[in-house]
Number of protein chains: 2
Amino acid sequence: MNKLNKKVEYALMALKHFSEGDDTTVSAKDIAEATHSPAEVTARVLQTLSSHGILKAEYGLHGGYRLAKDLSKVSVYELMNIVDGSTDLAKCLSDKECDLLKNCTIVTPVENLNKKVQDFYKSISIEEVFNV
Amino acid sequence: MNKLNKKVEYALMALKHFSEGDDTTVSAKDIAEATHSPAEVTARVLQTLSSHGILKAEYGLHGGYRLAKDLSKVSVYELMNIVDGSTDLAKCLSDKECDLLKNCTIVTPVENLNKKVQDFYKSISIEEVFNV
DNA sequence: CAATAGGCGACTAAATTAGTCGTATATATT
DNA sequence: AATATATACGACTAATTTAGTCGCCTATTG
Ligand code: SF4
Ligand code: SF4
């Protein structure tokens, strides 16, 4: 429970790479090599980050990605949502699919805790995570 | 990612039940019925809570459990650790088993974020979660 | 000593997460 | 225009984690 998944970790690795390099485009393959992560998965993560405006993709012979957004302006919450789809603390908060939902005694407490957690993640920027 | 697991949810349900009732002992079976959760799993969760001093178990004919600790003194962090074993944000922080560890570029950032998250969870009491 | 209730280990099933493969599309260079 | 390089996407398989079950043992009350 509570573990970051690999996609989020690969995203962090990639963003760290970009934030540390100069502003040249870097291909998905290069990122995968630099971060020792599986090329296909990394490529997919970069595409997602690009489609959400965190990175900018460039096609062609010397194409690749570059940072499109100041990482001090991107929250951990935003990154998790982009890469993983949801940051909700329980199933019922997004899908409404939990079997217990109609009898559940803790929906309100969970909603309450969920809000706290998400506000917390919104308050932390990626830059802040990198610069200890 | 980031979802509470069922054991933690069952624990919350049980604790809510105890915190709302009077101070009589309640059997695992009764808790399971009241919370619509699987009896065996619930029993196990209650045993764990008991062995960590959150509940007090009583054997015998009219045995069961009762609250042993003020829920305003029990943090979400503590509960998660007791019921789930760990609240660490990444494998390497507890097991040191991640394949990427020797090449990982984000160990420090992840440690950094992990500390923030755990401090946050330490700052919230169960009582606070229940009383919105 | 029977009935009731907690305690524990090992197992199976279900769901989620991680990783792979194949193919299509876009564009800078030649 | 051809080609090499790189992004984009869908569908699939494998691995891991989570959830739930079963059977048997131990303690205490009445
Ligand atoms: S809070 Fe209740 S309804 Fe929502 S997912 Fe958890 S158990 Fe299901
Ligand atoms: S932070 Fe790096 S080493 Fe730690 S678990 Fe994530 S990938 Fe593995």
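Labels below follow one simple rule: chain letters A, B, ... track the order of the sequence lines, proteins then strands, and each chain is numbered from 1.
Residues in residues 42-71 of chain A take part in no ring pair (Phe, Tyr, Trp, His ring centres under 6.0 Å) pair, two or more places apart or across chains. Each side chain to side chain donor-acceptor pair (under 3.5 Å) pair with one or both residues in residues 12-26 of chain B, not counting sequence neighbours, appears once here: B:Lys16-B:Glu20, B:Asp22-B:Thr24, B:Asp23-B:Arg66.
Between the side chain of B:Thr42 and the backbone N or O of B:Pro38, at least one donor-acceptor pair lies under 3.5 Å.
One can place NZ of A:Lys7 at 9 Å from C1' of C:dA18, the figure rounded to the nearest angstrom. We find that CG of B:Leu49 is positioned 13 Å from P of C:dG6, with the value rounded to whole Å. Going from atom CD of B:Glu40 over to atom C1' of C:dC8 covers 13 Å, rounded to whole Å. Nucleotide C:dT23 holds its C1' atom 12 Å from the CZ atom of A:Arg44, rounded to whole Å.
Counting any heavy atom pair closer than 4.0 Å across all strands shown, A:Gly63 reaches sugar-phosphate atoms only and no base atom. Residue-level contact check: A:Lys56 touches neither bases nor backbone, having no heavy atom under 4.0 Å from any strand.
Across the interface with DNA chain D, nearest-nucleotide mapping of A:Gln47 and A:Asn2 shows A:Gln47 to be the residue nearer the 5′ end. Each of A:Gly60 and B:His62 was matched to the nucleotide of DNA chain C holding its nearest heavy atom; the match closer to the 5' end belongs to B:His62. Along DNA chain C, the nucleotide nearest A:Leu61 and the nucleotide nearest A:Lys6 are compared for position; the residue whose nucleotide lies closer to the 5' end is A:Lys6. Mapping A:Ser50 and A:Met1 onto DNA chain D by nearest heavy atom places A:Ser50 at the nucleotide closer to the 5' end.
Annotation: proximity of residues 12-38 of chain B to DNA chain C (heavy atom, distance under 4.0 Å) is found for B:Ser27, B:Ala28, numbered in ascending order.
Atom NZ of A:Lys115 has 12 or fewer heavy atoms from other residues, nucleotides or ligands within 6.0 Å.
Evaluation of the ring pair (Phe, Tyr, Trp, His ring centres under 6.0 Å) rule for A:Tyr121 yields no partner, not counting sequence neighbours. Applying the ring pair (Phe, Tyr, Trp, His ring centres under 6.0 Å) rule to A:Phe120 yields the partners B:Phe120; only residues at least two apart in sequence or on another chain are considered.
Under the salt bridge (Lys or Arg N to Asp or Glu O under 4.0 Å) test applied with A:Glu78, the options A:Lys69, A:Lys73, A:Lys122 reduce to a single match, A:Lys69.
With a heavy-atom cut-off of 4.0 Å to chain B, the contacted part of DNA chain D has its first and last nucleotide at D:dT17 to D:dG30.
Inter-residue side-chain proximity for B:Lys7 and A:Met1 is flagged as unmet; no heavy-atom pair is nearer than 4.5 Å.
Listed candidates were C:dG7, C:dG9, C:dT16. Nearest to the side chain of A:Lys91 is C:dT16.
Residue B:Tyr59 has no polar side-chain atom (N or O) positioned under 4.0 Å from OP1 or OP2 of C:dA3.
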Determine, stepwise, if the pair A:Lys91 / B:Glu9 fulfils salt bridge (charged side-chain N to carboxylate O under 4.0 Å, His left out).
CA-CA 11 Å; A:Lys91 236 182 170 178; B:Glu9 290 197 324; over 6 Å; no
